Amino acid sequence: MHNINYIRENPTEFDNLMKLRGEKPLSSKIIEIDKQKRETQTILQSLLGERNTISKTIGIQKKNNKDVSFEMKKIEEIKNKINTLKELENIKENELNAILIRLPNIPHKTVPLGKDENDNKLYKEWGKKPKFNFQPKKHFEIGEELGLINFELASKLSGSRFVVLKKQISKLERAISNFMLDKHTEVNGYTEYSVPFLVKNNSLYGTGQLPKFGDDLFTAGEDHWLIPTAEVPLTNLVRDEILNVKQLPIRSTSYTPCFRSEAGAAGKDTRGMLRQHQFTKVELVSIVEPQHSEDELERMLQSAESILKDLEIHYRIMTLCTGDMGFSASKTYDIEVWLPGEDNYREISSCSNCNDFQSRRMNTRYKSDGKNIFVHTLNGSGLAVGRTLIAILENYQTEDGNVKIPDALFKYFHNKTLI
RNA sequence: GGAGAGAUGGGUGAGUGGCUUAAACCACAGGUUUGCUAAACCUGCGAAGGAAGUAAUUCCUUCCGAGGGUUCGAAUCCCUCUCUCUCCGCCA
């Protein structure tokens, strides 16, 4: 949600920034509605003041048994006007909100300009592509040949874009998530939460999935949605709160399943478990003071990176361009992991600074020097567990169809190889 | 699922139609004094918005879970909805 004062003061700049995100110029319309709303409000407020004064007089007169018919007549006149103006104010308020709630966040000044993912900029790289003296297989080839990944069984149960894992691979998934959670809580300073996987409308409005992106979500019953990411419950923990500055920064993490309908991705990545309706993820969320959010994004990125470094898997980091960022983000880094079987880099984490965009929707502020200031929110994957599993299978595969287990996981997997 | 109770500022909580300009306490911020892992006292302190002014500031409006209604006037009365708690039932 945008600050209306900012739009009022910088209409051209606002329009230009929105254009970068594929939106039409709306500032003049916004300002016009806002102006009508405020004009209505001003008249309404003076009438309400008048009514209050007269009402007080009536109270006193009645107590003294004096005639109040003159005052009553006056109020009768004002009342109709008040009702009409109230209605008008409501209409204008709703019109304004309807526009504002659907506009994406403003890109940070360091975000590269661009149309789509091809314009993303390389930020940094870590490690090297592993060399194989055989043709590396794709993760599902490895898994299916071992009989430990089964898509047919999953489709019998639930249709396409689901998977059934078995035995060692199932255990490996559990090992990965435990490793990530321990790292983030014991080393990176995040607090672990277990949160609901079903949320109500309000929470999804708060983080920006609703009202625009309901098609990407699954519903459960009449009032609940399945979370597409733990960002939703973790960030909304502070919705409608006025925090004390001493509580900040809040750094939280949670391991949850994520549910996405992938409505806009028909036909994409249909083979394998790269793009599923259900997957698990360890999420990182930070709630910070505005002046710290830029540093916090780097810190969060490093926390996510620390997982891949420990697992010793090559990756690169891209700064997303203006056209490729998510709705609520003002700046996003994608960590892309190297997948030898795919012969490609694939997103394994997305770390975003949403600045005050979500906190305005959630009405989350903190008190500093007597003032209430909107917090800045950040979220990032630390990491997507399913895709980390894929990365391990493909990067650590051996010629005989086995998979080495990264040293960092030994504590959790208790074995040097997959089978 | 059944029955009952409730929702008031950052927190606890008073307030049953005009004397509320939302009490009091806690927390928080500033200060005074004594002093040393602090205490006592004093002062300030709900939120959102509008208007005027170069500005410090001043004035006004709205908000007591949400939305309607009654009334000259609603935190207070009525209706609808949402949520929370307690007990009973069912249940991992």
Side-chain angles (χ1 to χ4, degrees), chain A residues 1-9 30-101 194-206 210-211 219-225 233 236-250 257 287 289 356 359-375:
Chain A
M1 182 76 93
H2 293 286
N3 182 354
I4 185 78
N5 289 328
Y6 163 75
I7 300 174
R8 215 184 284 157
E9 283 158 25
I30 291 168
I31 289 169
E32 178 60 25
I33 298 170
D34 176 57
K35 194 179 154 205
Q36 291 168 352
K37 188 195 111 187
R38 284 188 2 259
E39 281 170 359
T40 310
Q41 218 169 21
T42 307
I43 305 167
L44 175 64
Q45 288 182 357
S46 71
L47 286 174
L48 285 169
E50 211 176 314
R51 184 200 67 185
N52 290 347
T53 315
I54 299 172
S55 286
K56 253 173 214 163
T57 315
I58 291 175
I60 296 163
Q61 303 259 54
K62 275 199 169 173
K63 203 178 271 177
N64 297 334
N65 286 319
K66 283 187 186 162
D67 177 55
V68 292
S69 56
F70 175 71
E71 281 79 7
M72 294 290 250
K73 202 180 259 177
K74 243 172 142 184
I75 282 226
E76 201 59 38
E77 289 168 24
I78 297 174
K79 248 185 138 176
N80 287 328
K81 284 190 204 162
I82 286 180
N83 285 336
T84 330
L85 287 168
K86 259 190 190 164
E87 241 168 79
L88 188 63
E89 194 201 11
N90 254 325
I91 290 168
K92 291 297 162 191
E93 175 107 47
N94 290 339
E95 274 181 44
L96 193 59
N97 269 335
I99 296 173
L100 289 179
I101 204 145
S194 294
V195 291
F197 308 149
L198 297 178
V199 294
K200 316 229 315 173
N201 284 0
N202 286 352
S203 297
L204 289 157
Y205 272 98
L210 290 179
T219 51
E222 298 215 340
D223 306 321
H224 290 100
W225 305 76
N236 276 281
L237 288 174
V238 295
R239 190 182 49 188
D240 291 318
E241 299 278 350
I242 297 179
L243 304 163
N244 188 307
V245 65
K246 287 177 187 164
Q247 292 173 259
L248 304 176
I250 295 170
I287 313 289
E289 293 180 72
D356 62 356
S359 65
R360 283 180 187 278
R361 291 175 160 248
M362 294 193 301
N363 202 22
T364 303
R365 292 153 296 168
Y366 73 102
K367 203 173 269 290
S368 176
D369 291 328
K371 281 185 186 162
N372 293 326
I373 302 165
F374 287 108
V375 297

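Computed over heavy atoms, backbone and side chain alike; hydrogens, waters and symmetry mates excluded. Note on naming: letters A, B, ... go to the chains in the order of the sequence lines (proteins, then strands), and numbering restarts at 1 for each one. As the structure is a computational prediction, the values presented were derived from the model and not from experiment.
Rounded to an integer number of Å, the gap from Ile54(A) CD1 to U71(B) P is 17 Å. Between the C1' atom of C72(B) and the CG atom of Leu47(A) lies a distance of 15 Å, rounded to the nearest Å. To the nearest angstrom, C1' of G17(B) lies 15 Å from NZ of Lys56(A). Computed from coordinates, the Glu71(A) CD to C72(B) P distance equals 13 Å when rounded to whole Å. Straight-line distance from the CG atom of Asp240(A) to the C1' atom of G65(B): 11 Å, rounded to whole Å. With rounding to whole Å, Ile60(A) atom CD1 is found 12 Å from G73(B) atom C1'. Between the C1' atom of G11(B) and the CG atom of Leu243(A) lies a distance of 14 Å, rounded to the nearest Å. Straight-line distance from the CD atom of Glu241(A) to the C1' atom of G46(B): 15 Å, rounded to whole Å.
Atom CD1 in Ile75(A) sits 5.0 Å away from atom CD1 in Ile54(A) (nearest 0.5 Å). Of the inter-residue distances, the one linking Leu96(A) atom CG with Ile31(A) atom CD1 reads 10.5 Å to the nearest 0.5 angstrom.
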Self-check item: Verdict with reasoning, Leu243(A) to Ile250(A), per side chain to side chain contact (heavy atoms under 4.5 Å, CB included)
Solution: CA-CA 10 Å; Leu243(A) 304 163; Ile250(A) 295 170; 4.2 Å; yes
Quiz prompt | Derivation of the side chain to side chain contact (heavy atoms under 4.5 Å, CB included) call for Arg8(A) and Ile4(A) | solution = CA-CA 6 Å; Arg8(A) 215 184 284 157; Ile4(A) 185 78; 4.2 Å; yes
Quiz item: For Lys367(A) and Asn244(A), what are the C-alpha separation, side-chain angles and deciding distance, and is it a side chain to side chain contact (heavy atoms under 4.5 Å, CB included)?
Solution: CA-CA 5 Å; Lys367(A) 203 173 269 290; Asn244(A) 188 307; over 6 Å; no
Practice problem: Apply side chain to side chain contact (heavy atoms under 4.5 Å, CB included) to Val238(A) and Met362(A), showing your working. | Solution: CA-CA 8 Å; Val238(A) 295; Met362(A) 294 193 301; 4.3 Å; yes
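Taking all atoms of both residues into account, the shortest heavy-atom contact from Asn236(A) to Gly206(A) is OD1-CA, 4.2 Å. Nearest heavy-atom pair across Ser203(A) and Arg239(A) is N-NH1, 3.0 Å. Residues Val375(A) and Arg365(A) share a closest heavy-atom pair of CG1-C, 4.1 Å.
Between Asn244(A) and Lys62(A), the residue whose closest nucleotide on RNA chain B is further toward the 5' end is Asn244(A).
Using a 4.0 Å cutoff on non-hydrogen atoms, the parts of residues 75-84 of chain A near RNA chain B are Ile75(A), Lys79(A), ordered by number.
The P atoms of A75(B) and C83(B) are separated by 25 Å, rounded to the nearest whole Å. G17(B) and C72(B) have their C1' atoms separated by 12 Å, given to the nearest Å. Comparing the C1' positions of C25(B) and G13(B) gives an interatomic distance of 8 Å, to the nearest angstrom. Nucleotides A66(B) and G6(B) place their C1' atoms 16 Å apart, quoted to the nearest Å. The same atom, C1', is picked in C90(B) and in A74(B); the two are 43 Å apart, to the nearest Å. Taking atom C1' in both G46(B) and C42(B), the straight-line distance is 22 Å, to the nearest Å. A distance of about 27 Å separates the C1' atoms of U43(B) and U37(B), rounded to the whole Å. Across U76(B) and C63(B), the matching C1' atoms stand 15 Å from one another, rounded to whole Å.
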Quiz item: Pairing of RNA chain B as dot-bracket, 5' to 3': ( ) intra-strand, [ ] crossing, | other strand, . unpaired, with Watson-Crick or G-U pairs under 3.5 Å?
Solution: ((((((((.[[[..)..(.....]]].(((((.(...).))))).(((((((....))))))).[[[[[..)....]]]]])))))))....
Exercise. Sugar-phosphate atoms are those with a prime plus P, OP1 and OP2; base atoms are the rest. Using that split, label each nucleotide of nucleotides 47-62 of chain B B, S or - for protein heavy atoms under 4.0 Å, 5' to 3'.
Key: SSBSS--------BBS
Atom pairs and distances, donor-acceptor, side-chain atoms in residues 81-94 of chain A, under 3.5 Å, two or more places apart:
residue, atom, partner, partner atom, Å
Thr84(A), OG1, Asn80(A), O, 2.7
Glu89(A), OE2, Gln41(A), NE2, 3.1
Lys92(A), NZ, Gln36(A), OE1, 2.7
Asn94(A), ND2, Asn90(A), O, 3.4

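Applying the 4.0 Å criterion to OP1 and OP2 of A29(B), one finds that Lys246(A) has a side-chain N or O inside that range.
Here Asp356(A) pairs with Arg360(A) under the salt bridge (Lys or Arg N to Asp or Glu O under 4.0 Å) rule; sequence neighbours left out. Not counting sequence neighbours, Arg51(A) has no partner by the salt bridge (Lys or Arg N to Asp or Glu O under 4.0 Å) test.
Test Gln247(A), Glu289(A), Lys246(A) against Tyr366(A) for side chain to side chain contact (heavy atoms under 4.5 Å, CB included) and you get one pass: Glu289(A).
Backbone-only contact: Lys200(A) has heavy atoms under 4.0 Å from sugar-phosphate atoms and none from a base.
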